[in-house]
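Below: one structure, written as structure tokens.
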Amino acid sequence: MARSRSMTEFARKVYALVRRIPRGRVATYGSLASQIPPPGGVDPFGYERVRARWVGDAMAHCPEDVPWHRVVNSQGRISTRPGFNPALQRHLLQLEGVVFTEDGGVDLERFAWSPATRR
DNA sequence: GGCATGACAAAGG
DNA sequence: CCCTTTGCCATGC
């Protein structure tokens, strides 16, 4: 049925959004999710958290040209995944001027981006 | 169709 | 701040 196609659509939107994140800025899974309407149309149970998870799923298969390193979790920290060194992501962000605090996270107040945000 | 797993998030200890 | 649990849903075997 169109379910898997819907998810593909969802993933496309995720990539499109992530491509819009400017250098030196980050976006959280949840904020990205909130920008994309749920596949089914309505959002009866507050699917924001759920969709945030879908964003994570989509990012797991993202195309090469997507700046995946600019996506962090709701705490401004790098989400871990098996076989991947978070130091790389942190490094890429630092090269763009993103500052990490003592506790290893990004200050979202300063670096978080959303479509509504202006550089 | 059941069961485990996951680049999430919020809440509680 | 770290760790665990709970909610939710797509995916793969």
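The chains referred to below are lettered A, B, ... by the order of the sequence lines, with proteins before strands, and numbering in each begins at 1.
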A/Asp57/A/Phe10 under side chain to side chain contact (heavy atoms under 4.5 Å, CB included): CA gap, chis, key distance, verdict: CA-CA 11 Å; A/Asp57 289 341; A/Phe10 182 82; over 6 Å; no
Crowding at CZ, A/Arg19 (>12 non-hydrogen neighbours, <6.0 Å):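 Above 12, so yes.
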Nearest-nucleotide comparison on DNA chain B, the residue closer to the 5′ end among A/Gln75 and A/Met59: A/Met59
Rounded interatomic separation in angstrom, taking [atom1] from [X] and [atom2] from [N]:
X        : N      : atom1 : atom2 : answer
A/Leu108 : B/dA9  : CG    : P     : 10 Å
A/Arg81  : B/dG6  : CZ    : P     : 14 Å
A/Trp54  : B/dG6  : CH2   : C1'   : 14 Å
A/Arg53  : C/dT6  : CZ    : P     : 14 Å
A/Trp68  : B/dC8  : CH2   : P     : 14 Å
A/Asp57  : B/dT5  : CG    : P     : 15 Å
A/Tyr29  : C/dA10 : OH    : P     : 19 Å
A/Phe10  : B/dC8  : CZ    : P     : 13 Å

Side chain proximity check, A/Val26 to A/Trp113, heavy atoms < 4.5 angstrom: no
Residue pair A/Ser114 / A/Thr117, side-chain donor-acceptor N/O under 3.5 Å: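 The answer is yes; a qualifying pair exists.
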Nearest-neighbour nucleotide for the A/Ala52 side chain, B/dA7, C/dT11, B/dC8 considered: B/dC8
Short side-chain N/O contact from A/Ser74 to OP1 or OP2 of B/dC8, under 4.0 Å: no
Phosphate-side-chain proximity, A/Arg77 and B/dA9, N/O vs OP1/OP2 below 4.0 Å: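 Checking A/Arg77 against B/dA9: no side-chain N or O falls below 4.0 Å of OP1 or OP2.
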Pair assignment for B/dA9, Watson-Crick or G-U wobble, requiring both distances under 3.5 Å: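 B/dA9 is paired with C/dT6.
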